[in-house]
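As structure tokens, the structure follows; a few thoughts come after it.
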Amino acid sequence: MLRTSFIRENLAQLKAGLLKRNFKEEDLQIVDQTLVLDDQRKALQTELDSTLATRNQLSGQIGDLFKSGQKDKATELRQEVSELKEKVAVLEQDLKNTVEELRQALYTIPNMPHESVPAGNTDEDNEVFKAWDGPLPQLPENARPHWELAKEKDLFDLELGVKITGSGFPLYRGKGARLQRALINFFLDEAAAAGYEEIVPPHLVNEETATATGQLPDKEGQMYYVNEDDLYLIPTAEVPVTNVYRDVILNEEDFPIKMTAYTPCFRREAGSYGAHVRGLNRVHQFDKVEIVQLQHPDKSYETLQQMLKHVEGILQKLELPYRILRLCGGDLGFTSALTFDFEVYSAAQDRWLEVSSVSNFEDFQANRLKLRYRTDKGTQLAHTLNGSALALARIYAALLENNQTNDGIVLPKVLHSYTGFTTI
RNA sequence: GGAGGAAUGGCAGAGCGGUUUAAUGCACCGGUCUUGAAAACCGACGUACUGAAAGGUACCGGGGGUUCGAAUCCCUCUUCCUCCGCCA
């Protein structure tokens, strides 16, 4: 959520940024609307405050009059003050309505894109920030996509997932399950080595938590919802992990705060079927190791670069061809100011698969989180960042496809100590 | 799931209708003293909104109510503690 003071001070720039996000010219009026509502809020607040000040003063007098035995005067004054009550009630209601209206308006405005974000409408307009310049895997002639390899070697079973749950819930077994766990442990070890504190968070979150990181009200339909208990299954560890610091005031020397977590991620992905979602390309439940940082605003873009390096390092160790995209305005997430996506080449499908998304949210999430730090001049909002390091299902797909040989699937060296086997 | 108790500033802990603009202690910060430190003493010590400032207003787990006036009384929700039941 943007601050109204920010909107006021950067109005033209913000509107230009929203146009980059495919806002229509006529939709920009919501931005002006927030300022009108904010003015209205201030006026109501001022009037309410001064009315309350009068009431408090008179109430004090009543107390004094009673004490000094001037009952008649006190009763008279009491009558007078009771008339203020109605005014207070009306003002309070108006203020409440205005604040709520303002909040709803702010909920509809996404983060302002960073100046480096390219214009564009769809994922086809994303900028290739770093292309792959190495060789692509040379596959044997009878190379097959990962879902066929998995079936032959009994690594995961989508039909069993359908039987047990429904479409998009893979069941891994045997070496397939072991590979999954090996990757999780490898990713967590990499994060730990980079100084991230490991967190095991709850996998269900309440409405307040989901709102603070921006999933609500924007992505309501993307999350699984447990009606009975009013809880949401997490779509990413970002949600519970970032909320660790909701309502916290840090000191400057606390930065950076680095946290990592492995969690399963649940996404409804409503309405996506067909060839692009075969196998593990898009599923409702997948495993992911997330890295999260809280940082001083002056250093957050430096940190973003560090996080890119971290993800790159992992992909290099896995010996996977990858490229980095800078997301265009139209593809940028609601809460993000700048996002880099990592794509891995999955050879048998001849497709680049998104395996990581690394973003700087600047103070957009921090504003909802009320995550601040102390300065000489009061408190300031911190910056939040996160990235996948890494998302499993697609990495898994690429590993199977790229490493298939006539002698089986040969795993990259770095995983051997984790899997306990070298070939599948 | 049932019965009882509780929730106050970073922590501990008073307050139970009007000098609460929340006592007091501890912690933290600044100062005096000291070669330095400790001790002692002095001072400052929350968040948010509003205002150029002085100041004003709100906040004692959340929400609602009673009252001229609520940390204090009432209702409700949440969380925690104790006991019972169930259980990995």
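In what follows, chains are A, B, ... by sequence order, proteins preceding strands, each numbered from 1.
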Take atom P in B/A58 and the same atom in B/U72, then report the distance between them in whole Å. 14 Å
Evaluate the side-chain proximity of A/L280 to A/L392: yes if any heavy-atom separation is below 4.5 Å, no if none is. no
Would you measure the distance from the C1' atom in B/A23 across to the matching atom in B/C45 and give it in whole Å? 16 Å
What's the gap between B/G10 and B/C49 when it is taken at their C1' atoms, as a whole Å value? 24 Å
Between A/N251 (side chain) and A/D254 (backbone), is there a donor-acceptor pair under 3.5 Å? no
Please check if the distance between the ring centroids of A/Y396 and A/Y172 is under 6.0 Å. yes
Pair assignment for B/A48, Watson-Crick or G-U wobble, requiring both distances under 3.5 Å: B/U57
Check the pair A/H296, A/Y373 against ring-ring contact (aromatic ring centres under 6.0 Å, His included), reporting the backbone distance first and the verdict last. CA-CA 8 Å; A/H296 189 284; A/Y373 65 95; 4.9 Å; yes
Output the rounded distance in Å from NZ (A/K87) to P (B/C68). 18 Å
Quickly work out the A/K42 NZ to B/A52 P distance and round it to whole Å. 9 Å
When you check the phosphate oxygens OP1 and OP2 of B/G46, does a side-chain N or O of A/R374 lie under 4.0 Å from one of them? no
On RNA chain B, check which nucleotide each of A/G63 and A/G378 is closest to and give me the residue with the more 5' one. A/G63
Could you check which of B/G64, B/A58, B/G56 has an atom nearest any side-chain atom of A/K96? B/G64
Mate of B/U67 where both pairing distances stay under 3.5 Å, Watson-Crick or G-U: none
Should the pair A/F169 and A/H284 be assigned to parallel (<30°), tilted (30 to 60°) or perpendicular (>60°) ring geometry? tilted
Once you apply the 3.5 Å cut-off to both distances, tell me the Watson-Crick or G-U wobble partner of B/U19, or none. none
Identity of whatever pairs with B/U82 - Watson-Crick or G-U, under 3.5 angstrom: B/A3
Take atom P in B/U32 and the same atom in B/C81, then report the distance between them in whole Å. 47 Å
Check whether any side-chain N or O of A/N56 sits under 4.0 Å from OP1 or OP2 of B/A58, and answer yes or no. yes
Rounding to the closest angstrom, what is the interatomic distance between B/U21 and B/G56 at atom P? 11 Å
With sugar-phosphate meaning primed atoms plus P, OP1 and OP2, does A/I249 contact a base, only sugar-phosphate, or nothing at under 4.0 Å between heavy atoms? sugar-phosphate
Closest to side chain of A/R55, choosing from B/G56, B/U50, B/A58: B/A58
Find the distance A/L231:CG to B/U78:P and express it as a whole number of Å. 13 Å
Over 60° means perpendicular and under 30° means parallel, so tell me whether A/F334 and A/F364 are parallel, tilted or perpendicular. perpendicular
Out of B/C68, B/A58, B/U50, whichever nucleotide has its closest atom nearest the side chain of A/R41: B/U50
Using a cut-off of 4.0 Å on non-hydrogen atoms, how would the nucleic acid contact of A/T379 be classed: base, sugar-phosphate, or nothing? sugar-phosphate
Quantified in whole Å, what is the C1' atom distance between nucleotide B/U78 and nucleotide B/G62? 7 Å
A/N367 CG to B/A48 C1': how many Å, rounded? 13 Å
Taking the P atom of each, how far is B/U8 from B/G4, in whole Å? 22 Å
Rounded to whole Å, please give me the gap between OH in A/Y373 and C1' in B/U47. 17 Å
Return the pairing partner of B/U35 with a 3.5 Å limit on both distances, Watson-Crick or G-U wobble; otherwise return none. none
Residues A/D38 and A/R41 bridged, charged N to O under 4.0 Å: yes
Expressed in angstrom and rounded to an integer, what is the separation of A/L48 atom CG from B/A48 atom C1'? 15 Å
Nearest-angstrom distance from the residue atom CD of A/Q61 to C1' of B/G69: 13 Å
Counting only Watson-Crick pairs (N1-N3 plus N6-O4 or O6-N4) and G-U wobbles (N1-O2, O6-N3), all under 3.5 Å, who is the partner of B/C87? none
By the 4.0 Å heavy-atom rule, please label A/I62 as base, sugar-phosphate, or nothing. base
Just compare B/U57, B/U50, B/G69 and give me whichever is closest to any side-chain atom of A/K85. B/G69
With a 3.5 Å limit on both atom pairs, tell me what B/C11 is paired to, counting Watson-Crick and G-U wobble, or say none. B/G25
What's the closest nucleotide to the side chain of A/R372 if the choices are B/U47, B/G69, B/U50? B/U47
For A/K370 and B/G62, what is the distance between atoms NZ and C1' respectively, to the nearest whole Å? 13 Å
For atom C1', what is the distance between B/C83 and B/C16, given to the nearest Å? 28 Å
